[in-house]
2 protein chains.
Amino acid sequence: METLAEPETITAKSCSKRTCPTGMAGIRDALYVLNGKWKLPLLFALTDGPMRFKDIQRALGDITPKILSKELKELELNEFVVRNVYSTTPVTVTYGLTPYSESLDAVLFALKDWGISHRKRIVASRKADIT
Amino acid sequence: METLAEPETITAKSCSKRTCPTGMAGIRDALYVLNGKWKLPLLFALTDGPMRFKDIQRALGDITPKILSKELKELELNEFVVRNVYSTTPVTVTYGLTPYSESLDAVLFALKDWGISHRKRIVASRKADIT
DNA sequence: CGGAATCCCAAAAGATACTG
DNA sequence: CAGTATCTTTTGGGATTCCG
């Protein structure tokens, strides 16, 4: 996995129109790195502090070790996550967020808040259907 | 496609810990509705106003009509998009954003901004590699 | 133009088992 | 515990063709 798609040179410094190439490219770049079913939930789970492999697995519910391992590696590659190994017996490994990962906070929170309020809306409209 | 995953009843009203079940569920709910490669770019593209099918296709680059059609239907189902039909000959169809879709603005902007600055970071570090 | 229909493929994700 | 290895399934997405 690479860290980013080919860098289509972007010239504009800022964009008034929201669909300007830069804006669209921004969306796509972000999605390119945060793709898949697990990366955002994973990052969110780690915001409380480093966790061990098995604990992450439990926190995310039904992710298999294979997938989890792969996702963690990709997050490491993109410098969102650090892997720490402790020489206990048996060995202990934790995964924690990097300082750079904090740059994603706005995205994470916006997404979380929206998800929560969206669910409320859906639930409310379902009740209305019944009534 | 349904509009939301099964409504695991959430009790907590607010969360101090970021990884509390509600927060995690929020992320997953959001991702459930905004999944795939195209939904966010699509919503972003429409923020400048309604567009016709073919124009959307061009704006997104290489999306095929089949996929575009499917994605638009899902966005319609979730009340982010409205389909407008004009009885011209041949018929004209436009897709526009609903008021509810504005609730996604924070997500869209956060994602776009992050993507832009992330690219800058990558490009800068590549130059550093060369130097 | 605005799609639907059909066929096809690669990649993502899951199940299961196994190892140091 | 912290993963790896294999295998299988799913599904997202693309190519092409065709129709009103």
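Order of the sequence lines fixes the chain letters, A, B, ..., with proteins taken first and strands second; residue numbering starts at 1 for each chain.
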Send over the distance from [X] [atom1] to [N] [atom2], rounded to a whole Å.
| X | N | atom1 | atom2 | answer |
| --- | --- | --- | --- | --- |
| B/Ile67 | C/dA11 | CD1 | C1' | 14 Å |
| A/Asn35 | C/dA10 | CG | P | 19 Å |
| A/Glu71 | C/dA12 | CD | P | 9 Å |
| B/Met51 | C/dC1 | CE | P | 13 Å |
| B/Lys37 | C/dA12 | NZ | P | 11 Å |
| B/Gln57 | C/dA4 | CD | P | 13 Å |
| A/Glu74 | C/dA12 | CD | C1' | 10 Å |
| B/Tyr95 | C/dG2 | OH | C1' | 7 Å |

Discussion item. Once you measure the plane-to-plane angle for B/Phe80 and B/Tyr100, does it fall in the parallel (<30°), tilted (30-60°) or perpendicular (>60°) bin?
Written reply: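 Aromatic pair B/Phe80/B/Tyr100 classed parallel.
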Fill in: Range on DNA chain D touched by chain B - first to last nucleotide, heavy-atom distance under 4.0 Å
D/dG13 to D/dA15
Item to complete: Identify which nucleotide among C/dA13, C/dG3, C/dA5 has an atom closest to any side-chain atom of B/Lys66, counting heavy atoms from C-beta outward.
Response: C/dA5
Response to the item:
What one should report as the nearest heavy-atom pair of B/Ala59 and B/Met51 is CB-CE, 3.9 Å
Worksheet item: Which heavy atom in B/Pro65 sits nearest to a heavy atom in B/Gln57, and how many Å separate them?
Response: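 Minimum heavy-atom contact is CD-NE2, 3.5 Å.
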Worksheet item: In chain order, what residues pass the salt bridge (Lys or Arg N to Asp or Glu O under 4.0 Å) check against A/Arg58, with sequence neighbours excluded?
Response: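 Only A/Asp55 meet the salt bridge (Lys or Arg N to Asp or Glu O under 4.0 Å) criterion with A/Arg58.
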Item to complete: Flag the pair B/Val93 / B/Tyr86 as yes when at least one side-chain heavy-atom distance between them is below 4.5 Å, and no otherwise.
Response: no
Practice prompt. Output yes when a side-chain donor or acceptor of A/Lys39 lies under 3.5 Å from a complementary backbone atom of A/Asn35, and no otherwise.
Written response: yes
Discussion item. Quick check on the hydrophobic clustering: are B/Ile116 and A/Leu31 connected, directly or via other members, by side-chain heavy-atom contacts under 4.5 Å?
Written reply: no
Worksheet entry | Upstream residue (5' side of DNA chain C) when B/Pro65 and A/Thr64 are each assigned their closest nucleotide |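 Taking each residue's closest nucleotide, the earlier one in sequence belongs to B/Pro65.
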Worksheet entry | Side-chain N,O (B/Lys70) to OP1/OP2 (C/dA5) below 4.0 Å | no
Item to complete: Return no unless some side-chain N or O of B/Tyr86 is found under 4.0 Å from OP1 or OP2 of C/dG2.
Response: no
Response to the item:
Per nearest nucleotide of DNA chain D, the residue lying toward the 5' end, A/Ser69 or A/Pro90, is A/Pro90
